[in-house]
Q: 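Can you read through this structure? Questions will come right after.
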Amino acid sequence: MALSLPLSTEKLIQLGEVLCQHFPEMNLDEITQQIEQEATDLTTPIGQINYAISLSNFLEKVLKKQPHFLAQWWQTPPQFSDCQHYASRLADQLSAIQNEEQLYKTLRDFRNQEMAKLSFCQSLNLATVEEIFIRLSQLAESLIIGTRDWLYKQACEEMGTPCDENGNPQQLYILGMGKLGGFELNFSSDIDLIFTYPSQGETVGTRRAVGNAKFFTRLGQRLINALDQFTPDGFVYRTDMRLRPFGDSGALALSFSAMEQYYQDQGRDWERYAMIKGRILGANEQDPNVKTLQQLLRPFVYRRYIDFSVIQALREMKGKIEREVRRRGLKDNIKLGAGGIREIEFIVQVFQLIRGGREIKLQQHELLKLLPEIRDLSLITPQQYHELRDAYIFLRHTENVLQAIDDQQTQLLPTDEENRLRLMVACREYTYLDEKNQTTMKSYPIKNWDDFYQILQAHQQKVRSVFDALIGEEKDERTDDNNQWIDFLESDLDDIEQMLVDNHIDEDAISDILDKLIQFKEGLARRVIGSRGREVLAHLLPDIFTQIFEQKNYRTLLPRILNIVDKIASRTTYLELLLENPQAIEQLIELCSQSQMIAEQVARFPILLDELLNTKALRNPLPFTQYPDELKQYMLRLPQDDEEQFIDGLRQFKQSILLRVASADILDVLPVMKVSDHLTYLAEAIIDAVVNFAWQQVSQRFGVPEYLVGKTEKGFLVIGYGKLGGIELGYKSDLDLVFLYQAIEGQTIGGKKSIDSNQFYLRLAQKIVSIFSMNTSAGILYDVDMRLRPSGDAGLLGCSLQAFENYQLNEAWTWEKQALVRSRAIFGETELKAEFEKIRCNVLSAQRDINQLKIEVRDMREKMYEHLSHTKEGFFNIKTDRGGITDIEFIAQYLMLANAPANPILTKWSDNVRIFDSMAEYHIISLAECEKLKSCYVTLRNKIHHLNLLGNPVIVDDSAFAEEREFVCSFWYKLFS
């Protein structure tokens, strides 16, 4: 037998009687006859009304109480298109109101009528689940703001207009919290509000001035009464103000500065959680106070670093809720129970709190819009996404159906047969919006209460499974009583020494390691760590020590890891990150055991610990061609109006990619040539971003050169020299840059101040160098060396292409032409890059005296050897000693300068490997010599890379690389003897 509602005619006849009492021209017998014919026909208005009131007692009461409203429906029931434009329709009604008594009645009638329409649309599936709670939220917002505006006008007539110290009028700003803030209001939700106003001052326009605080407190009180007070017409919304600063004991309305001070000094974890939904109601984005308030609250909610400390705070909040559910015996609570709505909200909001400071897309209020963003960031799997989304829609629909029955705030499943039947029928089939925003019908095979309950439990079990996987309970198994290090923080020197003996540490190492552990422990005792930090350390250190002493190189690994822990000991959020993610500890130890550089970087910039969570990315770095797009996407996640955070973001991006490349290098995923490709193209992507950012900053002040007005071009080139130009960057390389521009006479246009076009480009160059060199909390971006520009340190930061060409052809020294060999255009328009390449080719292929060239190249190398190479006897400096990297680079430069005059095509490449290939291709050197030179070069570079990773100087035992050095020296002798 199919499940259906018993559609009786009794309630309809009662509504017919109401109509006849208020409209004498209507005949009850005719109405009764019509009811008997149409009561079960859902294609007729009467049949639709009958079905809707069978699901909602509230709807029946509203129709009985408002006969004119009922009469409209009797002819034409509402459509979902009628459920909109609340603010303007309410404003029309309020404009005729003369006193508060009329205000109260109008608000309640309007609210009940619009809620009745939404109940009807929900019952008849005329709108999706999402559309219903969005409209409920919009209705509430319109009623709150409409009431505020009406009361504000009355208050100003009575007390004067509140103004700041400059005489600017002040308004009351209202933060909608919870489901109201997230456009997720229920049918019978409380509304959580916070009142605030821009600044202190007093009212003007009356005989007796009133302070702003007093004015807005009175206005707030009147607003609460207008919404909350129960009258013969009901209420508008139950209003809760307990989320405001200091709760019930705090002022009803605070100034912006008082709000900011409170959240900076006293804001607690649960207030961060609450404020994540905080939304300024009725916000006009053109209002500067709206932006000020948003910027004021954002740092409190969204920390700039990855903040794992919130997980434990949310666990504790969830624990309190569960204890309250048990204490009050709230069985079958679809909101607070296991796998309920609150757990889905916790899952979403924990990611907002952890990562919202770095992921701008997580700084929004609506849960269903946040879920796909969390999935796209790989924080949940696609399966978890679908399970959470489906469960949320089912549970929210169930909740709304429950509350629409009697306009009561309840999340408890009914125990009576009538309301259970209502719930089963309403949840058997409903519409929702799919991922493509298309309306889709959802159907469940519900024939009885057991069917409904099994479907509900299946959703809740999936939610609880995801909740446990992502948040769950604190993992106490890591504090295994069998772990030797369990009591490290409470142990004395003898205890720690015994722990080392029990871990079979080499006898000759015990003294040194004991000293390091004692120093570390004493250092912790002097730090302000806090109870939670100490608790996390107590859980964390046993795991860390166990894994360290399982490594063969524990003597070098231990101080590296201790340094990292010492740096993050007072920053509980990073300790929490490691505690919550055991795989991150394993990855950290693996990388630090092989790289001093990584250990130092992580200690200096703990934000890099977040990268350890994605082991796949560490072993599979992005293709380097994707770095520009990846950087663009990364920067879009950050607040675009925060210059400091934008510049910090560039540094953080560089550090995170550097860590991934180094990890792939250590794990033998990338060969040395590919490592340099990654590091070079990373630098190029960052140069591109820096130039564009600097251009934006300088052009805002000075405009742009007149000839560029209306164009996208910049007329500006960045030339990379040295390792950047040769696509051979290493981990510690600086950037050798030269700035060139088109010299077209004229002034700048469109800025606050006009300057000469040449001066504009010099200002741009200064800004670029400043951004690279700025030392922020995330360090500097790159060391930039500008000494290769024309005239070196004595020259201007930038010069025109024409001046550059003239200098290179007529004034440059031979060593400057050698440097030009390893140069290429990194940034600029295609036409300008081609012009630079033409200049470079002309300079490098210009006729020159070969004997004189040999002398000058050899003399320069000797000078460098005398000044730079001071290696102790018995050791070899891979870079500067004879037979090393510098000799190979000089060989490549000499071969090009000596042979390009006869064959300009040899100037095509700027990197040593392809230069040698070209020389072999054109028979200047033999193929065997080419391959041997490349082999020597790559082998030595590979060693430098790995020494950099280990944090060691590029010096090895004198016996190393004997074959390579011998070949390089013999080839050098062949060229220059």
Side-chain angles (χ1 to χ4, degrees), residues 1-12 14-15 39-40 42 47-65 112 115-127 129 132-133 136 179 185-190 234-235 238 325 328-342 391-431 442-460:
M1 182 177 174
L3 185 70
S4 62
L5 286 170
L7 298 177
S8 69
T9 59
E10 182 182 345
K11 291 182 178 180
L12 281 174
Q14 291 175 1
L15 291 177
T40 59
L42 295 186
Q48 291 173 353
I49 292 171
N50 195 20
Y51 186 83
I53 62 176
S54 296
L55 284 170
S56 172
N57 300 335
F58 161 74
L59 175 56
E60 181 189 2
K61 291 175 184 175
V62 172
L63 292 176
K64 280 183 177 178
K65 201 163 188 177
N112 289 334
M115 294 281 279
K117 291 180 189 176
L118 290 170
S119 175
F120 181 87
C121 291
Q122 176 175 272
S123 298
L124 273 297
N125 270 329
L126 303 180
V129 176
I132 292 294
F133 56 65
L136 287 166
K179 285 187 166 60
L185 210 60
N186 300 329
F187 252 95
S188 193
S189 288
D190 287 356
F235 64 99
R238 292 175 293 268
V325 168
R328 293 166 57 191
L330 300 179
K331 188 176 181 294
D332 291 336
N333 188 304
I334 61 171
K335 178 181 180 181
L336 304 179
I341 295 167
R342 181 55 57 84
Y392 184 74
I393 292 171
F394 179 83
L395 291 168
R396 287 303 313 278
H397 180 63
T398 302
E399 181 181 40
N400 268 342
V401 170
L402 272 174
Q403 296 192 1
I405 292 174
D406 281 308
D407 192 17
Q408 290 183 353
Q409 188 180 31
T410 179
Q411 286 89 19
L412 290 174
L413 294 180
T415 55
D416 62 288
E417 290 302 320
E418 181 184 13
N419 285 333
R420 281 187 170 186
L421 180 59
R422 285 168 161 165
L423 202 56
M424 287 185 279
V425 170
C427 293
R428 180 182 54 189
E429 197 171 77
Y430 55 82
T431 57
K442 183 73 174 180
S443 300
Y444 289 103
I446 299 174
K447 297 178 182 177
N448 51 51
W449 183 251
D450 287 342
D451 289 345
F452 170 82
Y453 200 66
Q454 285 176 10
I455 291 166
L456 173 68
Q457 285 192 311
H459 280 304
Q460 290 176 324

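Computation of the quantities below employed the complete heavy-atom set of this structure, encompassing side-chain atoms and omitting hydrogens, waters and symmetry-equivalent molecules.
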Q: If you look only at distance, which donor and acceptor atoms sit under 3.5 Å apart when one is on a side chain in residues 118-126 and the other is two or more places apart or in another chain?
A:
{"from": "S123", "atom 1": "OG", "to": "S119", "atom 2": "O", "distance (Å)": "3.0"}
{"from": "N125", "atom 1": "ND2", "to": "E429", "atom 2": "O", "distance (Å)": "3.1"}

Q: What distance do E418 atom CD and L55 atom CG have between them, rounded to the nearest 0.5 Å?
A: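 It is 10.0 Å, given to the nearest 0.5 Å.
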Q: Name all residues meeting the ring-ring contact (aromatic ring centres under 6.0 Å, His included) criterion together with Y430; count only those two or more places apart in sequence or in a different chain, and write none if there are none.
A: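 Y430 satisfies ring-ring contact (aromatic ring centres under 6.0 Å, His included) with H397 only.
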Q: Please assess M115 against V62 for the test side chain to side chain contact (heavy atoms under 4.5 Å, CB included), listing each intermediate value before the final yes or no.
A: CA-CA 9 Å; M115 294 281 279; V62 172; over 6 Å; no
Q: Calculate, to the nearest 0.5 Å, the distance between atoms CG and CG belonging to L7 and L12 respectively.
A: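 Reported value, rounded in 0.5 Å steps: 9.0 Å.
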Q: Can any side-chain N or O of R420 pair as donor or acceptor with the backbone N or O of P414 at less than 3.5 Å?
A: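 Answer holds: yes.
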Q: Measure the spacing between CE of M424 and CD of E417 and express it to the nearest 0.5 Å.
A: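 Those atoms lie 7.0 Å apart.
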Q: Decide side chain to side chain contact (heavy atoms under 4.5 Å, CB included) for Q411 and L402; before the verdict, give the C-alpha distance in whole Å, the side-chain angles of both, and the deciding distance to 0.1 Å.
A: CA-CA 7 Å; Q411 286 89 19; L402 272 174; 5.7 Å; no
Q: Minimum heavy-atom separation for C427 to Y444, with atom names?
A: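 Residues C427 and Y444, closest heavy atoms: O-CD1, 3.5 Å.
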Q: First locate atom CG of D407, then atom NZ of K61, and finally report the distance between them rounded to the nearest 0.5 Å.
A: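 Going from the CG atom of D407 to the NZ atom of K61 covers 8.5 Å.
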Q: Given F394 and V129, is the side chain to side chain contact (heavy atoms under 4.5 Å, CB included) satisfied, shown in steps?
A: CA-CA 9 Å; F394 179 83; V129 176; over 6 Å; no
Q: Does A39 offer a backbone N or O that forms a donor-acceptor pair with the side chain of N50 under 3.5 Å?
A: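 Answer holds: yes.
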Q: Measuring from Q457:CD to D332:CG, what's the distance to the nearest 0.5 Å?
A: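 Answer rounded to 0.5 Å: 8.0 Å.
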Q: Between K11 and L63, is there a side-chain heavy-atom distance shorter than 4.5 Å?
A: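 A side-chain contact is absent here, since even the closest heavy-atom pair is not under 4.5 Å.
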Q: With no hydrogens and no angle check, is any side-chain donor or acceptor of Q408 less than 3.5 Å from a backbone partner on Q403?
A: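 Such a contact is absent between Q408 side chain and Q403 backbone.
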Q: N186 and side chain to side chain donor-acceptor pair (under 3.5 Å): which single residue from Q409, K179, E399, K335 fits?
A: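 Answer after filtering Q409, K179, E399, K335: E399.
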Q: Is a side-chain donor or acceptor of R342 paired with a backbone partner of G337 at a separation under 3.5 angstrom?
A: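 No: the side chain of R342 does not pair with the backbone of G337.
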Q: Tell me the salt bridge (charged side-chain N to carboxylate O under 4.0 Å, His left out) pairs involving residues 449-458, sequence neighbours left out?
A: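 Qualifying pairs, neighbours excluded: none.
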Q: Of the non-hydrogen atoms in L15 and I53, which two are nearest, and what is the gap between them?
A: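 Distance-wise, the nearest heavy atoms are CD1-CD1, 4.0 Å.
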Q: Counting N and O atoms only, with roles assigned by atom type, does the side chain of N400 sit under 3.5 Å from a partner on the main chain of F187, one being a donor and the other an acceptor?
A: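 Answer holds: yes.
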Q: So how far is it from L421 CG to L5 CG, rounded to the nearest 0.5 Å?
A: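 So the gap between those two atoms works out to 5.0 Å.
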Q: Provide the closest heavy-atom pair for T410 versus L412 in the form atom of the first, atom of the second, distance.
A: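 What the structure gives for the nearest pair is OG1-N, 3.2 Å.
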Q: Run the numbers on L395 and L456 for side chain to side chain contact (heavy atoms under 4.5 Å, CB included), then give the verdict.
A: CA-CA 8 Å; L395 291 168; L456 173 68; 3.4 Å; yes
Q: Return yes if some donor-acceptor pair links the side-chain N/O of R238 with the main-chain N/O of S188 below 3.5 Å, else return no.
A: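 Yes.
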